[in-house]
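In this text, all values refer to a predicted model and were calculated from it rather than measured experimentally.
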Amino acid sequence: MMNTSTSRPRGFSLVELLMAIFILGIGIISIASLFPAGIAQQRAALDDQAGPLVARNAISLLRTRIPRESFGHVEIVSSGPGASWAGWDIRPGDWPWLRPSLVTGASSNGPGLGAIDIFDTADEYLSGVSTTGEKDRSDLGDLWITAALTSRDGIPYQGHQNDNPRVDDMTDGVATPLVVIEQVERQYPRNDGSGRVPRYYWDCMFRRTGGKVYAAIFVYRVNNFEGDPTPW
């Protein structure tokens with residue numbers, strides 16, 4: 001008589017199954033953690049490419065919009081606020097880094113909200129325009145800044161020492177420059193009405209030193225929630 005025995009295949013135990021799921025989860029988490037790092041690297045690479053491009057476009061726009069010899073100088077006095085410049089690296093006639101004024105109140109025929117008024121002279125040509133300039137900052141006690149500002153709170157322009165901001169240029173004989181850069185002109189890419197949201201904005205500052213005027217361009221990346229309008 002032949003005796004035969006049958007063996008059944010052994011299945012996975014619950015402990016083995018849990019261990020396999022645990023190991024698989026570690027692998028998935030490790031792979032998933034690479035996606036945020038890849039996105040950050042891609043964004044940094046895009047910033048490195050777009051930043052200099054936006055800055056060059058800004059410089060080109062400023063050169064075409066600001067007439068030559070428009071920037072003025074600052075007179076230094078031996079006493080008073082100007083005398084405080086003695087401790088700073090500022091030559092007679094020069095002025096420190098200053099920001100253009102920002103349009104905070106717009107009229108129907110004037111620049112829009114968020115536009116920068118380089119010499120803060122828009123209110124002389126257009127009614128209903130209000131701006132916020134350097135004098136509205138919190139450090140009004142800094143005589144180095146205050147002494148450099150014109151009576152218009154803006155960047156010094158040619159002939160501003162003899163200009164009366166309460167009198168239009170046809171009366172006092174000073175042709176004040178009007179240079180306004182709208183917010184849409186500082187966008188990249190520009191909002192063309194297709195729903196494309198601008199990713200970058202630029203801002204600027206100016207300084208006169210050694211008889212030359214220097215411009216500093218700041219490029220900002222804007223993160224908007226999808227569909228939200230860009231506030232000025």
Side-chain angles (χ1 to χ4, degrees), residues 53-74 95-137 145-146 148-193 196-208 212-220 222 229-232:
L53 175 62
V54 176
R56 286 194 296 267
N57 292 342
I59 287 292
S60 298
L61 179 62
L62 292 173
R63 284 176 173 171
T64 56
R65 298 289 290 275
I66 302 178
R68 293 181 63 86
E69 308 301 331
S70 293
F71 292 99
H73 64 278
V74 174
W95 30 272
W97 286 108
L98 297 174
R99 286 184 178 273
S101 298
L102 183 70
V103 176
T104 55
S107 61
S108 57
N109 62 340
L113 292 175
I116 55 175
D117 186 358
I118 301 295
F119 300 104
D120 199 14
T121 55
D123 59 344
E124 180 173 330
Y125 297 89
L126 302 168
S127 59
V129 177
S130 59
T131 57
T132 299
E134 291 279 1
K135 283 186 179 178
D136 299 292
R137 304 189 322 177
I145 297 293
T146 305
L149 298 174
T150 69
S151 54
R152 300 178 180 275
D153 298 0
I155 295 172
Y157 54 90
Q158 191 67 29
H160 76 91
Q161 293 91 351
N162 301 319
D163 188 20
N164 185 351
R166 294 177 296 273
V167 180
D168 59 64
D169 60 335
M170 299 301 295
T171 303
D172 59 12
V174 178
T176 57
L178 175 62
V179 180
V180 177
I181 310 295
E182 294 284 355
Q183 176 181 337
V184 68
E185 296 180 286
R186 297 186 288 118
Q187 298 174 349
Y188 182 85
R190 290 193 181 185
N191 189 352
D192 54 4
R196 179 177 59 176
V197 179
R199 296 179 58 90
Y200 299 94
Y201 279 85
W202 62 267
D203 197 359
C204 59
M205 295 182 71
F206 297 92
R207 178 187 181 183
R208 185 185 181 101
K212 297 181 180 180
V213 177
Y214 295 85
I217 305 298
F218 305 91
V219 181
Y220 305 95
V222 182
T230 303
W232 68 270

Distance col, row I155:CD1 vs R99:CZ, nearest 0.5 angstrom, shows 10.5 Å

If you look at every heavy atom in A55 and V219, which pair is closest and at what distance? N-CG2, 4.1 Å

Is a side-chain N or O of R186 found less than 3.5 angstrom from the main chain of G114, in a donor-acceptor match? yes

OG1 of T104 to CG of L113: how many Å apart, nearest 0.5 Å? 7.5 Å

Counting N and O atoms only, with roles assigned by atom type, does the side chain of Y125 sit under 3.5 Å from a partner on the main chain of T176, one being a donor and the other an acceptor? yes

Heavy atoms of D117 and A122 approach each other most closely as OD2-N, 2.8 Å

Smallest heavy-atom separation, C204 atom then P100 atom, equals O-CD, 3.1 Å

Shortest non-hydrogen contact between L98 and W95, atoms and distance: CD1-CE3, 4.1 Å

Quick check on the 6.0 Å ring-centre criterion: do F119 and F71 meet it? yes

Could you tell me whether the side chain of R199 and the main chain of Y188 form a donor-acceptor pair under 3.5 Å? no

Main-chain N/O of E182 paired with E185 side-chain donor or acceptor, under 3.5 Å: yes

Any chance you could lay out the side-chain contact (heavy atoms from CB on, under 4.5 Å) test for W202 and I59, step after step, and finish with the verdict? CA-CA 10 Å; W202 62 267; I59 287 292; over 6 Å; no

Using a 4.5 Å cut-off on heavy atoms from C-beta on, say whether the side chain of S101 contacts that of T121. no

Between P111 and A106, the two heavy atoms sitting closest are O-CB, 3.0 Å

Kindly give the heavy-atom pair with the smallest separation between A115 and V180, and that separation in Å. CB-CG1, 3.8 Å

Verify side-chain contact (heavy atoms from CB on, under 4.5 Å) between L62 and F206, making sure each step is shown before the conclusion. CA-CA 11 Å; L62 292 173; F206 297 92; 4.0 Å; yes

Is it true that the side chains of D120 and T131 contain a donor and an acceptor less than 3.5 Å apart? yes

Could you walk me through whether Q187 and V184 satisfy the side-chain contact (heavy atoms from CB on, under 4.5 Å) test, starting with their C-alpha distance in whole Å, then the side-chain angles of each, then the deciding distance to 0.1 Å, before giving a yes or no? CA-CA 5 Å; Q187 298 174 349; V184 68; 3.7 Å; yes

Kindly determine whether L178 and E124 satisfy side-chain contact (heavy atoms from CB on, under 4.5 Å), including the steps that lead there. CA-CA 9 Å; L178 175 62; E124 180 173 330; over 6 Å; no

